[in-house]
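To start, the structure under review is shown below, and the notes come after it.
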Amino acid sequence: MTGYLSFFSDQAALLVRLTVGHILLSVVAVVISIVIAVPLGAWIGHLHRGSFLVVNAGNVLRSLPTLAIVAIVIALFGFGYVNITVALVILAFPLVLTNTFTAVEGVDPGTVEAARGMGMTGWQILTRVELPSSIPLMMSGIRTSWVYVVATAYLATFAGATGTLGDVIANISGYGLTGVLAAATVSIVLAFLGDALLGLVERGLTPTGLALAQRAPATT
Amino acid sequence: MSETTTERPAADIVFDHVTKRYPGQETPALDDLSMTVPAGETCCLVGPSGGGKTTAMKLVNRLIDFESGDITIGGNSIRAVDVTTLRRDIGYVIQQVGLFPHMTIAGNIAVIPGLLGWSKDRIRKRTDELLDLVRLDRSFGTRYPAQLSGGQQQRVGLARALAVDPPVMLMDEPFGALDPITRTEIQDEFLNLESEISKTVIFVTHDIDEAIKMGDKIAVLRQGGVLAQYGTADELLAHPADDYVADFVGADRGLKRLSLRRMREVVNGSAAAPDDAPAVDADASLRIGLSTLFASGASAVRVTDGGRVLGAVTLDQLQSAVTRSTS
């Protein structure tokens, strides 16, 4: 126990450096996933087409062991930072995609029909009606993907990218069990802190009217 | 779009041999529909599910496209203009209301004016005007749809549809989801509102009583999208074109016709009512008069207008008011 606690003070500089690297890698992977998955999911959800394909392709991607992806990506991009980034994007992307898609597709059909009938264009319906209504579900996809990515980013060390908590977690012979536990603890804390932070972002982004509607469903 | 928001004249809507067939279906949804809704009138489309009433309505703002025939609004084919422009000039009210949950009431009403680039001042003025028109307090402007009752939401739906004062309105069972009391109230208010603003309205309902109440004209559709009869409520009730229409308007159509006329129209000014005659307001329907007569057991009712007695109405007069034009 003392070894576990003292690891934090003894290796503080190392832990801070690796934590920053871990955060950077995770943020990059999640941001790339958002940039690809949100527009794609929103568009497919808006068209109400291809749900079968999206859901199933998403499930297949999610079921792939990330370590296997790392191995496959070696063949394409070799070792290094790109490799682990690609692998983490493949992990996070389906989570953001399916949630965005489900959210946009699930916007009340009456609301969308009213918008169309009033003379809003497809783009206006998507950006002014569907996306604002989709924020809570989209954000929960992003939050989940953050947790998964942070918990998986240690694989960087197997992809030949150093500078993440994986350097310690995967090196039990170098740092001992106490080191591995300490690094894992940091990783867990990162996952929860990020999730909480994103929860605040979610609250900030969710339009007031929508929050009210979720709290007290309209009586119609 | 002109700068004024009021007094845009209504336009007639003409269906000219319109046929709509959904892919993969044998019978058309709408079969060679031809009819004219005169400017400023309300036409109720009634019929069974599968009769094509909603289809007919959605053709007008091109939510559904059709293959043959044409529809014109104020003489212009709806296919001659860009679909977005067309829809912004047509008020659209649906049963689900479809308010945007993330926008305030004022925000909802201001959507189309905003897209058309109206100034903030003009939008605010128009929003207040519309809230007054649908009898909602102006303070509702800052609330959200989730904070409103169903009836209040549909009032906002109406206000939103009227935002740019469109000459034409399409209403798809707009009051169908409301409880009976709210429904009657909002129906009456809409009738009032219609007398203030001139709109050509296509109003879809499955409820013949609502059609009789709301429609200047009623179009009865039957399975396969065939127009069975088109006329005023009185015409339909007095002379149903066939058994189908007679059945649709109901076996009690004689009583329903009584609802269409007021005591004022049949009162006999020279006849004095007997002493025991109950009083009925001159603006009450003949149906109310008949009911009053039956309930009291008197031989006639006294028709009053404010404090003034206009005269008496007997059972025979009520009967002849219905049978005269029928025979």
Side-chain angles (χ1 to χ4, degrees), chain A residues 38 42 45-49 99-100 102-142 201-220, chain B residues 57-58 60-64 81-105 107-109 111-116 142-154 156-157 160-161 163-164 166 169-172 176-179 182:
Chain A
V38 167
H46 175 74
L47 295 178
H48 293 271
R49 272 189 217 135
N99 271 48
T100 305
T102 308
V104 172
E105 191 185 46
V107 173
D108 174 40
T111 306
V112 175
E113 194 194 317
R116 184 164 292 123
M118 286 159 69
M120 292 175 90
T121 62
W123 177 252
Q124 286 161 349
I125 293 170
L126 178 62
T127 54
R128 294 173 194 233
V129 179
E130 291 173 327
L131 281 180
S133 302
S134 303
I135 285 170
L137 204 50
M138 268 166 51
M139 280 304 297
S140 82
I142 292 169
V201 174
E202 177 182 336
R203 271 178 64 181
L205 286 180
T206 302
T208 314
L210 211 61
L212 285 168
Q214 284 175 336
R215 238 172 283 153
T219 49
T220 43
Chain B
M57 186 206 73
K58 287 186 178 176
V60 177
N61 65 355
R62 289 175 61 188
L63 283 174
I64 300 176
V81 285
D82 162 64
V83 68
T84 305
T85 314
L86 175 81
R87 288 176 187 162
R88 288 179 186 173
D89 262 354
I90 299 176
Y92 191 54
V93 183
I94 57 177
Q95 183 177 338
Q96 309 92 305
V97 191
L99 295 182
F100 306 135
H102 58 290
M103 295 183 196
T104 60
I105 300 311
N108 267 279
I109 296 174
V111 167
I112 294 302
L115 291 175
L116 291 172
T142 54
R143 297 198 203 173
Y144 287 94
Q147 298 170 304
L148 270 57
S149 72
Q152 290 167 335
Q153 289 191 18
Q154 192 53 284
V156 177
R160 183 174 68 172
V164 298
M169 298 208 23
L170 304 179
M171 306 177 77
D172 191 2
L178 304 174
D179 66 84
T182 312

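Heavy-atom basis, side chains included; hydrogens, waters and symmetry copies ignored. Order of the sequence lines sets the chain letters (A, B, ...), proteins ahead of strands, with each chain counted from 1. This is a predicted model, so every value here is computed, not measured.
To the nearest 0.5 Å, atom CG of residue B:Asn108 and atom OG1 of residue A:Thr111 are 9.0 Å apart. For the atom pair CD (B:Gln147) and OG1 (A:Thr208), the distance works out to 9.5 Å, reported to the nearest 0.5 Å.
Only the side chain of B:Arg160 comes within contact range of chain A, judged by heavy atoms closer than 4.5 Å. Only the side chain of B:Val111 comes within less than 4.5 Å of a heavy atom in chain A; its backbone stays farther off. In this structure, no portion of B:Gln95 lies under 4.5 Å from any heavy atom of chain A. The part of B:Leu99 that comes within reach of chain A is its backbone (N, CA, C, O), which places non-hydrogen atoms under 4.5 angstrom from that chain.
Contact annotation: the side chain of A:Arg128 approaches that of B:Leu115 to within less than 4.5 Å [non-hydrogen atoms, C-beta and beyond]. The side-chain heavy atoms of A:Glu113 and B:Tyr92, taken from C-beta on, include a pair separated by under 4.5 Å.
For A:Ala115, the side-chain contact (heavy atoms from CB on, under 4.5 Å) partners are A:Met120, A:Ile125, A:Val129, B:Phe100, not counting sequence neighbours. A:Thr121 pairs by the side chain to side chain donor-acceptor pair (under 3.5 Å) definition with A:Gln124, not counting sequence neighbours.
The two atoms that bring A:Ala114 and B:Gly98 nearest to each other are CB-O, 3.6 Å, heavy atoms only. When all heavy atoms of A:Leu212 and B:Ala146 are compared, the pair lying nearest together is C-CB, 4.0 Å. Across B:His102 and A:Pro207, no two heavy atoms sit closer than the pair CB-CB, 3.5 Å.
Remark: the backbone N or O of A:Gly119 is paired with a side-chain donor or acceptor of B:Arg88 at under 3.5 angstrom.
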